[in-house]
J.: 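Have a look at this one.
Model, not experiment: these values are computed from the prediction. We count ligands from 1, going down the list as the structure has it; atoms in each ligand are counted the same way.
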Amino acid sequence: MNGARPEKLLKAIANLGYGSRKEVATMFRAGLFTDASGEVLYADDRHPLADVRIEGEPLDPPPGLTLMLHKPVGYTCSTRDPGRVVYDLLPPRFRRRQPALSPVGRLDRDTSGLLLMTDDGALLHRVISPKAKLPKVYEACLAQPLRGDEAASFASGTLLLESETTPLLPATLETLSPTLARLTLTEGRYHQVRRMFAAVGNHVEGLHRDRIGRLDLGDLPAGQWRVLTDAERQSLG
Ligand code: URA
């Protein structure tokens, strides 16, 4: 809406995924929508969504939504996968929102941790752009003890992944135990962490993303999500 006058409620609420326009029109006729003071609202009203209630409850966040999800292992970031998908962890309405809510980059099915999702296309592109250089921090549990030369290899800026022609940007490796490493990347290539360890003769058995820029999961349990604050969204650049 960008400061323009609000859309008619029928369209705005259907776009939040509450139902088709026909279904939402029926909900309006049933008097389900009111303002915060309890005054009934009508489908063609133009009213700030923050002041709209459905059966007395606030609506879902309006467009401009960015959330963090603590993705568990076993879920994919796709909408099409026949198995468990990250959208299964959100209210079913969120799958039907327009503009669509999309993962900001991806985590593999076997990777857990911090996943951002947004309907803000500009924010999505800012975060995943190679120019952003936003640090992403992973903890990798390894099949073999570290040899000791991996940090230099990852930091070199010359490491080439199999079937690629552009070397990786320098990455930072910290050894937490012989088979546990913290890796900080500033880019996001396909299966990058797993392929980096494969390139130095190791194998990642468990992978978790702890942090993106200044954001971390805090005490958010696996499978749970929360909306980012304005300050958190701004910290993404
Ligand atoms: N690197 C990987 O190998 N997998 C992820 O999910 C993220 C980064």
J.: Holding to ring pair (Phe, Tyr, Trp, His ring centres under 6.0 Å), I want the full list of residues that pass it with Phe33, two or more places apart in sequence or in another chain.
T.: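 If we apply the ring pair (Phe, Tyr, Trp, His ring centres under 6.0 Å) test to Phe33, skipping adjacent residues, the hits are Phe28.
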
J.: Report yes if the distance between the aromatic ring centroids of Phe197 and Tyr138 is under 6.0 Å, otherwise no.
T.: no

J.: Considering only heavy atoms from C-beta outward, does the side chain of Asp210 approach that of Leu114 to under 4.5 Å?
T.: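 No, their side chains stay 4.5 Å or more apart.
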
J.: To the nearest 0.5 Å, how far apart are CZ in Arg214 and CG in Leu236?
T.: 9.0 Å

J.: Could you tell me which residues satisfy side-chain contact (heavy atoms from CB on, under 4.5 Å) with Thr166, sequence neighbours excluded, listed by chain and number?
T.: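 With neighbours one apart ignored, the set is Arg189.
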
J.: Select all protein residues for which some heavy-atom-to-ligand 1 distance is less than 4.0 Å, and list them by chain and number.
T.: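 Leu107, Asp108, Thr111, Tyr138, His191, Gln192, Val193, Arg194, Leu207.
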
J.: Among residues at least two apart in sequence or on other chains, which ones pass salt bridge (charged side-chain N to carboxylate O under 4.0 Å, His left out) with Glu139?
T.: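 Salt bridge (charged side-chain N to carboxylate O under 4.0 Å, His left out) check on Glu139 returns Arg182.
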
